[in-house]
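Worksheet: one structure, shown below.
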Amino acid sequence: MTKQELLQRARALWPETIPLSSALVADGVIHAIPILNSIYQPIEASIDRSDNWLVVSTWSFQQALYQAACDAVLSGQTELATSDVALTAFDQKMHDNLCDQTYADEQAAYQTLV
């Protein structure tokens, strides 16, 4: 397993493109992008909670996607391709989320992935 494979596994659960028209923006600040939660909640409900890799990678992907969506909205884009989520952004979120003691084994293993 590689970091790219984890990213692709999480990305595969999402649609290829996401419209950004639901973004709530005021004074150049994004307050929410409701469609992301509308898509993520059924994904979260459908995954095997005993598969820690899937749990952490889907949450990490959602977080990286949210940041990419915020950047896209602020630059005037009306939709976002899930393929626009960079491995570096996903990797950073994986590192952040694996700090939870629940995932100590996965954190050690993740450090060895390329």
Side-chain angles (χ1 to χ4, degrees):
M1 170 177 47
T2 66
K3 292 176 181 181
Q4 185 66 40
E5 289 169 341
L6 280 173
L7 171 61
Q8 290 172 345
R9 187 176 177 203
R11 181 182 287 142
L13 300 172
W14 287 77
E16 289 183 20
T17 58
I18 299 168
L20 299 174
S21 58
S22 70
L24 304 175
V25 184
D27 298 322
V29 176
I30 298 173
H31 296 279
I33 305 175
I35 193 163
L36 295 181
N37 286 336
S38 297
I39 297 169
Y40 179 68
Q41 289 171 345
I43 291 171
E44 182 182 37
S46 72
I47 62 175
D48 178 359
R49 303 302 295 171
S50 67
D51 183 345
N52 286 345
W53 285 114
L54 187 57
V55 170
V56 175
S57 66
T58 55
W59 177 236
S60 297
F61 184 79
Q62 192 274 351
Q63 291 173 309
L65 183 67
Y66 181 81
Q67 186 58 56
C70 288
D71 294 344
V73 167
L74 292 176
S75 70
Q77 292 177 248
T78 58
E79 67 178 24
L80 176 69
T82 53
S83 61
D84 289 343
V85 173
L87 178 59
T88 53
F90 173 76
D91 183 49
Q92 181 59 55
K93 296 302 181 183
M94 285 292 292
H95 280 286
D96 293 348
N97 292 322
L98 287 170
C99 287
D100 185 314
Q101 276 303 104
T102 305
Y103 306 115
D105 292 341
E106 288 82 4
Q107 182 183 33
Y110 192 76
Q111 302 302 325
T112 67
L113 299 181
V114 291

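Basis for what follows: all heavy atoms, side chains included, without hydrogens, waters or symmetry-related copies.
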Out of curiosity, does L24 fall in the hydrophobic cluster containing I35 (side-chain heavy atoms, cut-off under 4.5 Å, transitive links)?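 I35 and L24: separate clusters.
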
Taking the side chain as everything from C-beta on, heavy atoms only, tell me whether [X] gets closer than 4.5 Å to [Y].
X: D105; Y: N52; answer: no
X: T78; Y: S21; answer: no
X: L6; Y: F61; answer: no
X: W53; Y: M94; answer: yes
X: K3; Y: L7; answer: no
X: V25; Y: H31; answer: no
X: W59; Y: Y40; answer: yes
X: L65; Y: L80; answer: yes

More than 12 foreign heavy atoms under 6.0 Å from CD of Q111: is that the case here?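 Buried by this count: over 12 neighbours within 6.0 Å.
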
Shortest non-hydrogen contact from [X] to [Y]?
X: G28; Y: L74; result: O-CD2, 3.5 Å
X: P15; Y: I39; result: CD-CG2, 3.8 Å
X: V85; Y: A68; result: CG2-CB, 4.5 Å
X: L20; Y: A72; result: CD1-CB, 3.6 Å

Tell me whether [X] contacts the main-chain N or O of [Y] through its side chain, where contact means a donor paired with an acceptor under 3.5 Å.
X: E5; Y: T2; answer: yes
X: R49; Y: V55; answer: no
X: T82; Y: W14; answer: no
X: T58; Y: I43; answer: no
X: N97; Y: K93; answer: yes

Walk me through it: do D100 and Q107 pass the test side-chain contact (heavy atoms from CB on, under 4.5 Å)? CA-CA 9 Å; D100 185 314; Q107 182 183 33; over 6 Å; no

Determine, stepwise, if the pair R9 / D51 fulfils salt bridge (charged side-chain N to carboxylate O under 4.0 Å, His left out). CA-CA 12 Å; R9 187 176 177 203; D51 183 345; 2.5 Å; yes

Straight-line distance of [X] [atom1] to [Y] [atom2], nearest 0.5 Å:
X: L98; Y: Y110; atom1: CG; atom2: OH; value: 7.5 Å
X: Q62; Y: L13; atom1: CD; atom2: CG; value: 12.5 Å
X: R11; Y: S57; atom1: CZ; atom2: OG; value: 11.5 Å
X: F90; Y: Q4; atom1: CZ; atom2: CD; value: 9.0 Å

